[in-house]
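In what follows, a single structure is set out as structure tokens and then discussed.
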Amino acid sequence: MARRVRLRTEEILAGLGRLYPDAHTELDHDGAYQLLVATILSAQCTDARVNQVTPEVCRRWPTPAALARARRTTLEGVIRSTGFYRNKAKSLIGMAKTLVARFGGEVPRTMDEMLELPGVARKTANVVLGSAYGIASGVVVDTHVARVGARLGLTREKDPKKIERDLMAILPAERWVSFAHQLIWHGRRVCAARKPLCERCPLPCPSRLRPFQP
């Protein structure tokens with residue numbers, strides 16, 4: 001069983017590498033601070049919408065020190081279209097204040113320090129560490145990674161932390177960052193939630209043997 005999983009995982013990695021050699025985060029950013037802002041805004045929101053809003057946030061508050069001094073009501077107005085804007089504004093200002101107070105206004109480079117920031121859980125931390133710094137501290141687990149990873153037989157878990165644990169156990173650490181980007185791209189372009197384009201998918205997928213569950 002372990003050998004079969006390993007061989008299928010290797011085939012999946014090779015296939016994703018051929019399909020999406022240039023996969024990357026689709027959140028526009030210029031540096032770790034902007035990516036952190038964008039990732040917090042991205043909760044329950046499309047990347048396209050976030051990419052419309054992030055530039056204005058970073059224009060008005062170009063540094064953590066500036067964002068730490070922002071009026072919450074003003075920030076809420078700017079980010080309103082991303083949804084859950086009150087909670088996001090609270091998280092953004094809290095994040096900025098913590099960056100200034102604890103980290104000299106710099107986005108930290110370790111998972112433990114990232115998790116000290118308000119509004120930051122493992123997914124957000126992995127996005128920033130991987131895409132801004134090239135640091136592989138774990139695997140980004142969003143809805144696409146959870147769905148496609150399960151369909152490919154890489155995990156049976158539902159909880160994101162347990163899914164990440166499973167993926168980290170079977171993937172080489174040097175592929176943690178690129179694998180997540182590639183699986184997200186595959187989930188958006190081919191392996192959709194309700195109507196996966198199985199005829200376009202070259203990956204070894206045990207889910208082909210039974211109907212997909214939306």
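Remember, it's a predicted structure, so these values are computed and weren't measured experimentally.
- Not a single donor-acceptor pair under 3.5 Å links the side chain of Lys123 to the backbone N or O of Val140.
- With hydrogens and angles disregarded, a donor-acceptor distance shorter than 3.5 Å links the side chain of Lys88 to the backbone of Ala43.
- For the pair Trp61 (side chain) and Ala68 (backbone), a donor-acceptor distance under 3.5 Å is absent.
- Around CD of Gln44, the count of heavy atoms belonging to other residues, nucleotides or ligands within 6.0 Å does not exceed 12.
- Ile170 places none of its side-chain heavy atoms less than 4.5 Å from the side chain of Arg6.
- A 4.5 Å side-chain heavy-atom check between Leu75 and Arg71 finds every atom pair outside the cut-off.
- Between Leu129 and Pro108 there is no side-chain heavy-atom pair separated by less than 4.5 Å.
- Judged purely by atom type and a 3.5 angstrom limit, Asn126 uses its side chain to pair as donor or acceptor with the backbone of Gly138.
- Two residues are said to be in side-chain contact when any heavy atoms from C-beta on lie closer than 4.5 Å; Arg49 and Ser81 meet this criterion.
- Between the CZ atom of Phe179 and the OG1 atom of Thr9 there is a distance of 8.0 Å, given to the nearest 0.5 Å.
- Every residue two or more places apart in sequence or in another chain that forms a salt bridge (charged side-chain N to carboxylate O under 4.0 Å, His left out) with Arg165 is listed here: Glu157.
- A heavy-atom distance below 4.5 Å is not found between the side chains of Arg8 and Leu152.
- Considering CD1 of Ile12 and CG of Leu154, their distance stands at 4.5 Å, rounded to 0.5 Å.
- Contact check on Arg188 versus Asp47 returns a salt bridge, with a Lys/Arg side-chain nitrogen under 4.0 Å from an Asp/Glu carboxylate oxygen.
- Side chains of Glu76 and Thr73: a donor-acceptor N/O pair is absent below 3.5 angstrom, by distance only.
- Criterion: ILVMFWY side-chain heavy atoms under 4.5 Å apart, direct or through other members. Under it, Val100 and Leu35 are not part of a common hydrophobic cluster.
- Ala66 approaches Pro62 most closely through the heavy-atom pair CB-CD, 4.0 Å.
- Although no hydrogens or angles enter the test, the distance criterion places a donor-acceptor pair under 3.5 Å between the side chain of Gln34 and the main chain of Asp30.
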Could you walk me through whether Leu67 and Tyr33 pass the side chain to side chain contact (heavy atoms under 4.5 Å, CB included) check? CA-CA 11 Å; Leu67 185 57; Tyr33 166 65; 3.5 Å; yes
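- Linking ILVMFWY residues whenever their side-chain heavy atoms come closer than 4.5 Å, directly or via other members, leaves Val177 and Val148 in distinct clusters.
- Taken from CE in Met168 to CH2 in Trp176, the straight-line distance is 3.5 Å, to the nearest 0.5 Å.
- Between Gly17 and Arg175, the closest heavy-atom pair is N-NH2, 4.5 Å.
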Check the pair Val145, Asp142 against side chain to side chain contact (heavy atoms under 4.5 Å, CB included), reporting the backbone distance first and the verdict last. CA-CA 5 Å; Val145 172; Asp142 71 350; 3.4 Å; yes
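- No option in Ile93, Leu117, Val120 other than Leu117 meets the side-chain contact (heavy atoms from CB on, under 4.5 Å) test with Thr98.
- For the pair Ala96 and Pro64, the tightest heavy-atom approach, listed with the atom from each and the gap, is CB-O, 3.3 Å.
- Shown here is Asp159, whose CG atom has more than 12 heavy atoms of other residues, nucleotides or ligands within 6.0 Å.
- When atom types are taken as modelled, the side chain of Arg147 and the backbone of Cys191 share a donor-acceptor pair closer than 3.5 angstrom.
- Put simply, the residue from Thr54, Val50, Asn51 that forms a side-chain contact (heavy atoms from CB on, under 4.5 Å) with Asp28 is Asn51.
- Atom OG of residue Ser91 and atom CZ of residue Arg86 lie 14.0 Å apart, to the nearest 0.5 angstrom.
- Side chains of Ile79 and Leu92 form a contact here, defined as non-hydrogen atoms less than 4.5 Å apart.
- Expressed to the nearest 0.5 Å, how far CG of Leu203 lies from CG of Leu183 amounts to 8.5 Å.
- Side-chain heavy atoms closer than 4.5 Å link hydrophobic residues (I, L, V, M, F, W, Y) into clusters, and following such links, possibly through other members, connects Met95 to Leu115.
- For Tyr20, the side chain to side chain contact (heavy atoms under 4.5 Å, CB included) partners at least two apart in sequence or on another chain are Leu16, Ala23, Gln182, Trp185, His186, Arg189, Val190.
- Here the OG1 atom belonging to Thr63 is positioned 10.5 Å from the CD atom belonging to Glu106, to the nearest 0.5 angstrom.
- His144 and Gly187 make their closest contact through ND1-C, 3.8 Å (heavy atoms, listed as atom of the first residue, atom of the second, distance).
- Across all non-hydrogen atoms, the minimal contact from Pro118 to Ile40 is O-CD1, 4.3 Å.
- Under a 4.0 Å N-O distance rule, the pair Glu56/Arg59 qualifies as a salt bridge.
- Using modelled atom types, one finds no donor on one side chain facing an acceptor on the other under 3.5 Å when comparing Ser178 with His24.
- Using a 4.5 Å heavy-atom threshold, the side chains of Ser131 and His181 count as touching.
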Dump the intermediate steps for side chain to side chain contact (heavy atoms under 4.5 Å, CB included) on Arg60 and Thr74, then the final yes or no. CA-CA 10 Å; Arg60 293 189 182 216; Thr74 302; 3.7 Å; yes
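- Between the side chain of Ser42 and the main chain of Cys45, no donor-acceptor pair closer than 3.5 Å is present.
- The shortest side-chain heavy-atom distance between Leu36 and Met114 falls under the 4.5 Å cut-off.
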